[in-house]
Amino acid sequence: MRTKIFVVAMAAVMAASLYAPDADGCTRVTYIGDKGDVITGRNLDWIEDIPTNLYVLPQGLERTSYDIADSALTWVSSFGSVVAVGYDMGVTEGMNQAGLCCNLLYLPGTTYSYKGDPRRFKMSSSVWAQYVLDNFATTSEAVQALARDQFRIDAPTMPGGSETTLHMAISDTTGNSAIIEYIDGRISIHEGKQYKVLTNAPPLDQQLAINDYWQKVGGMHMLPGTNKPSDRFVRGMFYVNAIPTTASPDMAVAGVFGVIFNCAVPVGISVPDNPEISSTRWRSVAHQNKLRYYYGTVLNPSIMWVDLADFMLTPGSPIMKLDIINQKKPYAGNVFKNMKRAPLYKPLFRYN
């Protein structure tokens, strides 16, 4: 039996090598505690720094998925949220006031459309996560809507020159998670509390096969230690399940930080023209039941946080922004008093 699992795992590793040789990138984990605490942490890894600001957005904002009217979905935000906005033009992740968390991670080899694809609305990758945070309170609600496959992702080239090929992780306050991927142009959805971890290539099915082998080895005896996403997946899965589920909220948050630190890639490990081999640039931890969002960059050892309960989120309330890109001094602790009124970020629909 063990030999069979090993063969399956090695087949998955070989497939991963075809997908993205020596690929590295982001890591996301979700902790589920016995006392009702659900905490999602992630590292953002990239070949270059991605200047990122935090926004707190109220309900009632009018949105569009694309800048050509007859190709776009439109909606009005039902939930307020805190979001991380890269280059001040695209939402990388966030948490809404219902405690729903959404994270985007790089997935090389993603294909959003296929030959003969029927005409569908376009959803810019810069607002895909925002669409989920604006509209849904639970993972199951989001999955039900996404499974209708109303739109295809339109992925503009990022300012650094790389295509925005992404997969999505969603989690709610019950610990239910979903992983959304586009494989050969068709949407693939995995939903359940078991999907606690996501890294980059290969797609989730192959990562799970590799993890099955390492579960038989046992993480207390040996864990894979490289920066490859399949190795980080195994480490993340072992450690997020090893954290005591009876921990206090503060200890649980500290535990999740420990897991994502364990999966981080040191600064300086990046390969030009190969964005999958990348250094960790920033990290976040969302305590979804307390509606607290922690954030920190690798260049600032202090951790800042946003408590959504501090903000007015009803329709007509102001958009608030924490300008981290142009900060004069490092932020630390609760940054409520550091946030300023600001216009909404301008989504990237195409890059010239």
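Start at 1 with the first residue, then count along the sequence.
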Worksheet item: To the nearest 0.5 Å, how far apart are OG1 in T139 and CD in Q144?
Response: 13.0 Å
Worksheet item: Does D134 come within less than 4.0 Å of R63, counting only side-chain N to carboxylate O?
Response: yes
Item to complete: Keeping the roles fixed (side chain from N43, backbone from I260), state whether a donor-acceptor pair exists under 3.5 Å.
Response: yes
Discussion item. Do F238 and F257 land in one hydrophobic cluster if side-chain heavy atoms of ILVMFWY residues count as linked below 4.5 Å?
Written reply: yes
Discussion item. Measuring from atom CG of N200 to atom CG of L198, what distance do you get when rounded to the nearest 0.5 angstrom?
Written reply: 7.5 Å
Item to complete: Would you please test S284 and E93 for side chain to side chain donor-acceptor pair (under 3.5 Å) and show each step?
Response: CA-CA 9 Å; S284 69; E93 67 164 30; 2.5 Å; yes
Worksheet item: Nearest 0.5 Å, what's the OG-CD distance between S177 and E191?
Response: 9.0 Å
Worksheet item: Below 4.0 angstrom, N of the basic side chain to O of the carboxylate: do R292 and D307 qualify?
Response: yes
Discussion item. Given V306, which partner from the list F311, Y294, Y295 fulfils the side chain to side chain contact (heavy atoms under 4.5 Å, CB included) test?
Written reply: F311
Practice prompt. Determine, for D45 against R281, whether the closest basic-nitrogen to carboxylate-oxygen distance falls under 4.0 angstrom.
Written response: no
Item to complete: Give the intermediate values and the outcome of side-chain contact (heavy atoms from CB on, under 4.5 Å) for residues L44 and L105.
Response: CA-CA 8 Å; L44 187 286; L105 285 72; over 6 Å; no
Item to complete: Measure up the Y131 and F136 rings against each other and bin them: parallel (under 30°), tilted (30 to 60°), perpendicular (over 60°).
Response: perpendicular
Worksheet item: After noting the C-alpha distance and the side-chain angles of Y55 and D88, does the key distance pass the side chain to side chain donor-acceptor pair (under 3.5 Å) rule?
Response: CA-CA 10 Å; Y55 284 77; D88 231 20; 2.9 Å; yes
Worksheet entry | Q150 atom CD, over 12 foreign heavy atoms within 6.0 Å | yes
